[in-house]
Amino acid sequence: MKKKLMIENQEIEFFILKDQDGEVMIEVDGQKFDFKVLKSNPEHFIFSYGGRNHFSNISPSRRSGVIVDGKTYKIGPIERGGAASKGSDGEAMSSPMPGKILKLLVEVGAKVSKGDGLLIMEAMKMEHTIKASNDGVLEKFHYQEGELVDGGVELVELKGMEEA
Amino acid sequence: MKKKLMIENQEIEFFILKDQDGEVMIEVDGQKFDFKVLKSNPEHFIFSYGGRNHFSNISPSRRSGVIVDGKTYKIGPIERGGAASKGSDGEAMSSPMPGKILKLLVEVGAKVSKGDGLLIMEAMKMEHTIKASNDGVLEKFHYQEGELVDGGVELVELKGMEEA
Amino acid sequence: MAEIKKILIANRGEIAVRVINTCRSKGIKTVSIYKPEEKDYPHALLADESICLGEGTLGETYLNHDLLIEIAKKLRADAIHPGYGFLSENAAFSSRVRKEGIIFIGPSEDSMKLMGDKISSKVKMEEINAPLIPGYHGDNQDPAFLATKAKEIGYPVLVKASAGGGGKGMRIVRSEKEFNDSLAAAKREAMNAFGDDKVLVEKFIVNPRHIEVQVFSDQHGNHLHLLERECSIQRRYQKIVEESPSPALTPEIRKEITETAAKIASGIDYEGAGTVEFILDEDGKFYFLEMNTRLQVEHPVTEMITGLDLVDLQIQVAEGKPLPIKQEDVVARGHAIEVRLYAEDPDNEFLPSTGKIERVGAPSMPGTRLDTGFEDGNEVTINFDPMLAKLIVHSSDRHQAIEKMKAVLPDVPFYGVRTNRDYLMRILKHPKFIEGETFTHFVDTWKDELGPNEISPEEMAKAILVYLKAGQSTLGGANSGPNKNPGPWERLSSLRNV
Amino acid sequence: MAEIKKILIANRGEIAVRVINTCRSKGIKTVSIYKPEEKDYPHALLADESICLGEGTLGETYLNHDLLIEIAKKLRADAIHPGYGFLSENAAFSSRVRKEGIIFIGPSEDSMKLMGDKISSKVKMEEINAPLIPGYHGDNQDPAFLATKAKEIGYPVLVKASAGGGGKGMRIVRSEKEFNDSLAAAKREAMNAFGDDKVLVEKFIVNPRHIEVQVFSDQHGNHLHLLERECSIQRRYQKIVEESPSPALTPEIRKEITETAAKIASGIDYEGAGTVEFILDEDGKFYFLEMNTRLQVEHPVTEMITGLDLVDLQIQVAEGKPLPIKQEDVVARGHAIEVRLYAEDPDNEFLPSTGKIERVGAPSMPGTRLDTGFEDGNEVTINFDPMLAKLIVHSSDRHQAIEKMKAVLPDVPFYGVRTNRDYLMRILKHPKFIEGETFTHFVDTWKDELGPNEISPEEMAKAILVYLKAGQSTLGGANSGPNKNPGPWERLSSLRNV
């Protein structure tokens with residue numbers, strides 16, 4: 001599945017060709033890169049690439065970028081500009097960090113108000129309630145209960161109500 | 001209200017005589033102590049006492065003690081030994097850190113099973129679900145929705161079911 | 001001799017924290033001051049006592065003489081440390097403090113006045129034979145006379161409007177035959193820009209380096225130097241990389257420049273910590289620029305290579321004690337580099353940036369030091385200096401110090417604000433910096449090469465990996481899954497195929 | 001001269017991390033090794049390449065000569081650094097490594113063998129006139145003869161079973177008239193305990209101090225000392241507090257003891273880093289104990305006061321380079337103290353403790369260093385050494401170093417395991433320690449005073465406050481509520497009533 005992220009104001013397309021037991025293969029620009037995740041904690045993230053250990057870390061909010069091999073990259077989801085993906089108060093309905101979907105709190109098709117809990121995910125041993133960023137109708141959950149999700153991934157599709 | 005905590009294997013009785021706007025007065029052994037909280041974050045806790053700033057910190061789990069003015073103290077709730085206050089798997093149904101009660105999830109008198117969510121509290125900007133440590137009947141919530149609670153405080157009374 | 005037991009720190013941020021730290025080791029109590037918006041900043045919390053200055057302008061708070069003295073007296077501080085900036089070179093304040101019977105940790109009022117004035121300081125320097133940039137600053141504006149002066153000074157020379165500034169009415173003249181045309185052009189520009197065509201003629205330094213010497217004097221006539229610092233790497237006239245020893249100094253020049261600085265300290269009967277700044281030209285000649293009569297931002301570089309605590313020395317001198325070291329005890333050991341982390345955008349004219357700091361971080365290697373006035377959760381606003389921190393490393397030699405700095409810079413992300421960290425990294429990796437070809441125009445000369453690099457697909461893939469996967473605290477159970485921990489022989493046999 | 005480009009570190013924990021750090025600065029690639037249960041430990045992650053040794057005993061893993069050499073060869077490491085402990089003093093391993101064409105970073109096989117043996121080392125020391133504890137170790141057991149020997153040695157003397165250990169068959173004899181009775185008692189005990197009543201007679205050192213001298217030698221006949229360390233504070237025969245300079249040495253004794261150590265290094269034609277351990281008595285006389293032919297745990301103390309990087313020097317020497325310093329460049333600057341943090345219960349016979357580390361922390365002041373092989377989330381098990389970390393401080397003098405250590409010890413809680421941190425704090429606060437009255441029996445002599453203190457109601461109230469309130473990241477809105485930020489005048493006027 002093709003995915004997209006913004007890196008330093010460029011829209012970058014990539015594929016995850018493998019993601020299992022800490023082994024991750026990512027394809028960018030027709031080139032494939034094999035990584036092995038060695039350690040991940042709030043302070044640093046260490047992976048192996050080309051037989052060498054590489055050091056990196058990520059901002060706690062995940063919004064201020066990552067530092068890899070000493071270089072900083074602004075990286076984040078594509079800004080759609082639409083109300084559905086980003087609320088007026090700037091709260092995105094995406095996973096704050098990698099984790100597991102614990103519970104879906106509303107039915108697909110339900111009308112929800114800004115601030116309503118939509119789903120609960122567990123990450124870093126804490127539970128996080130993902131709330132509606134604006135009033136609307138819940139169109140779709142991208143993940144089901146029990147599924148593992150990456151960080152920064154959109155979790156729901158919420159159709160905004162015009163002049164609600 | 002008289003309160004109790006274990007400090008280094010001693011059961012210590014104390015009173016909170018004031019707790020407002022960061023000003024806290026604690027009575028121990030007939031003596032009153034006036035504190036002003038200056039700063040609290042995961043790495044350190046700074047308070048003023050006797051006109052001087054004092055430095056302290058607490059273990060992330062709150063179970064491995066506190067360090068105040070360079071000295072370590074083992075401190076925690078009184079171990080009752082009963083099933084009600086501590087589950088067999090060691091998960092206490094007490095507040096993991098200071099915060100606010102967001103939502104009570106079950107009715108008083110309800111039968112609950114081990115692992116059922118009993119209430120949600122908010123602390124450190126995260127939501128935490130307090131779960132039943134064993135099967136039983138919910139006897140009492142010690143706090144109502146919206147109330148602020150200290151860390152390490154018992155939140156519910158759960159009467160265990162004999163040979164359930 | 002008066003023993004100091006409590007110090008009011010009339011400053012904020014990293015320098016207040018730095019002074020507090022030495023006081024903690026010395027068992028001296030500290031009082032710090034802060035504005036309401038700074039109540040969560042380290043300098044407001046780390047002192048034994050802290051006083052909120054209330055709302056108001058700088059003049060009503062940090063620069064308020066009456067208020068500071070009132071605080072010092074009420075809390076019975078027997079000394080005031082002014083840090084750098086703020087009131088540190090304010091002769092009137094230092095004099096007022098002393099009149100109130102409080103020790104001012106700094107030089108005499110007279111030293112501050114003398115060296116704080118461009119004219120009087122240069123007159124004094126001539127008197128004690130300190131080297132000044134050769135030039136003619138007089139009233140005779142006859143072109144033939146000025147041409148003679150230019151020849152005496154030696155080409156290249158700089159013709160500069162006396163009333164000038166901003167490069168207007170300024171010409172670099174490289175040979176005698178260009179002189180008359182350039183002089184005329186400079187005078188025309190000067191008249192247009194400032195309504196005054198008077199010019200001065202000075203030696204033009206082609207590849208100047210900024211070399212400064214730390215000096216220290218006590219009340220007993222001992223005047224020492226604590227070696228040099230090179231601070232040539234500057235942006236917008238502010239130092240961003242400082243080091244010691246300077247890669248440009250031969251032992252002979254080092255001896256000459258440090259002895260000159262100590263002679264200046266002695267010649268003005270100085271007291272306490274001071275810095276004599278020089279310009280060094282390509283031929284190893286150096287010229288006095290100015291003297292800062294206070295602790296310098298980059299003093300940790302000197303502390304790293306000499307093993308001395310400059311604030312401790314300041315306090316001892318202020319107490320009237322003789323300096324506890326002799327000139328021959330001052331020996332450089334290894335190499336130290338400091339970089340200044342700023343909240344700014346190096347790719348957009350170094351404009352200051354603001355934000356809330358998500359994580360400061362900490363350098364992970366020994367022989368490193370982070371001096372900062374911020375901690376996680378603090379706001380970086382436009383109300384104060386945009387310097388976030390000074391990161392200092394010490395190592396056996398310059399090469400190892402550069403490598404160590406490159407290794408620890410990523411440890412202090414200051415996530416939440418845009419910083420110059422990547423820009424500093426590009427400087428550290430620049431071949432000319434590595435060769436020690438550090439001149440004050442370094443940042444302008446290599447502007448293009450110091451800009452942001454293209455991002456390769458490999459870098460993108462790594463950034464994506466980190467963004468998608470970082471933050472998970474565990475990676476499944478230990479040793480679960482196939483090949484989680486291959487034995488060494490398997491690992492080695494798989495290497496055979498590499 | 002062979003340039004080292006990649007080093008296999010045949011060790012683990014903090015010393016592996018420490019070697020990696022110097023290699024990072026030098027641009028030397030590193031290979032680290034680990035057992036499966038250590039895959040989340042820093043030493044397994046910080047190297048450029050890391051190899052899992054698989055499950056097994058120490059002999060099958062860290063001490064497996066074949067395996068280590070295979071790894072070094074396969075990954076093309078041109079040198080092996082053995083750290084301390086493990087294979088660092090194993091002559092057979094060092095010889096094997098060298099035979100395989102790999103550089104062993106350490107002394108020659110001969111030096112290791114010579115100094116690793118109690119008898120041969122003492123014979124060699126006598127040969128080069130190094131001072132040994134006066135005594136008679138011979139076969140003549142005639143009481144009258146032994147009494148003569150005791151008198152020659154000078155009272156007090158120690159009569160000790162030659163086959164002995166554990167204090168059995170041992171008597172301190174304080175005067176001539178006690179000698180015969182004590183000798184008979186010792187011989188009886190020796191016969192009962194070991195079936196052999198042979199004894200030796202040695203000078204008894206009343207208040208012994210452990211003083212050791214760091215030495216460094218290159219392949220070109222240069223033998224330097226890097227000053228002394230005092231390591232008298234020990235528990236269960238292990239050092240827990242080390243410092244330099246020693247408070248006990250006069251300049252004269254320092255000169256004598258350091259020159260003696262350098263003479264020993266020269267006398268045995270040593271190479272690399274070594275430590276000569278001495279016992280110092282109350283009269284300033286010192287006696288050779290043993291020599292450790294490797295890097296010492298407490299080497300950072302020396303690095304702090306000399307400004308040198310000992311691992312860097314080790315690598316340079318191993319490459320065949322001459323030492324880059326001369327004896328006169330080695331100058332002590334200020335004072336350094338190291339404490340060893342152990343996972344143990346000092347109030348229960350120092351029994352090792354285990355647990356999962358919730359937070360390591362980091363020292364918050366400049367001039368400090370934490371060398372540790374652990375990070376948050378790591379398990380402390382009984383499988384490896386219970387040393388959690390070494391915390392080292394440097395300051396202007398001993399008093400300031402002690403204060404700084406007291407200030408930063410709470411910064412490294414190692415929450416999750418019981419540690420000796422509070423116990424170390426009690427040592428640092430003990431008046432005898434502060435006075436420098438540090439003898440090897442310090443911990444036993446002041447056992448009661450070093451025990452846990454009573455907790456006062458004030459301390460209880462503070463602990464309760466922290467327990468109930470710490471962990472909140474915000475305290476309401478900024479400046480909300482009454483009197484949140486009183487202006488300075490209000491604050492000052494309220495002080496008037498204090």
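The analysis underlying the following values was restricted to heavy atoms, covering all of them including side chains, and did not include hydrogens, waters or symmetry mates. Every chain is numbered from 1 and lettered A, B, ... according to where its sequence line falls, protein lines coming before strand lines.
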Can any side-chain N or O of D:Arg333 pair as donor or acceptor with the backbone N or O of C:Thr306 at less than 3.5 Å?
->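 Pair found, side chain donor or acceptor close to backbone of C:Thr306.
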
Given heavy-atom pairs under 4.5 angstrom as the criterion, report whether the side chain, backbone, both or neither of [X] touches chain C.
| X | result |
| --- | --- |
| D:Ile305 | backbone |
| D:Asp312 | side chain |
| D:Met405 | neither |

To the nearest 0.5 angstrom, please state how far the CZ atom of C:Arg369 sits from the OG1 atom of D:Thr368.
->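 It is 10.0 Å, given to the nearest 0.5 Å.
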
Could you tell me the separation between the CD1 atom of C:Ile402 and the OG atom of D:Ser25, rounded to the nearest 0.5 Å?
->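 Interatomic distance, C:Ile402 CD1 to D:Ser25 OG, rounded to 0.5 Å: 11.0 Å.
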
How close do D:Ser364 and C:Asn21 get, heavy atom to heavy atom, and via which atoms?
->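 Heavy atoms of D:Ser364 and C:Asn21 come nearest at O-ND2, 4.3 Å.
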
Side chain from CB out, backbone as N, CA, C, O: work out which of these in C:Ala407 comes under 4.5 Å of a heavy atom of chain D, or both, or neither.
->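 Contact with chain D involves both backbone and side-chain atoms of C:Ala407.
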
So which of D:Lys26, D:His394, D:Lys404 has the largest heavy-atom pair count under 4.5 angstrom toward chain C?
->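 The residue among D:Lys26, D:His394, D:Lys404 with the greatest pair count is D:Lys26.
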
Could you verify whether a donor N or O on one side chain and an acceptor N or O on the other, from D:Asp309 and C:Ser396, lie under 3.5 Å apart?
->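 D:Asp309 vs C:Ser396: no donor-acceptor pair found between side chains.
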
Side chains of D:Met365 and C:Arg24 in contact at under 4.5 Å (non-hydrogen atoms) =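 In contact.
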
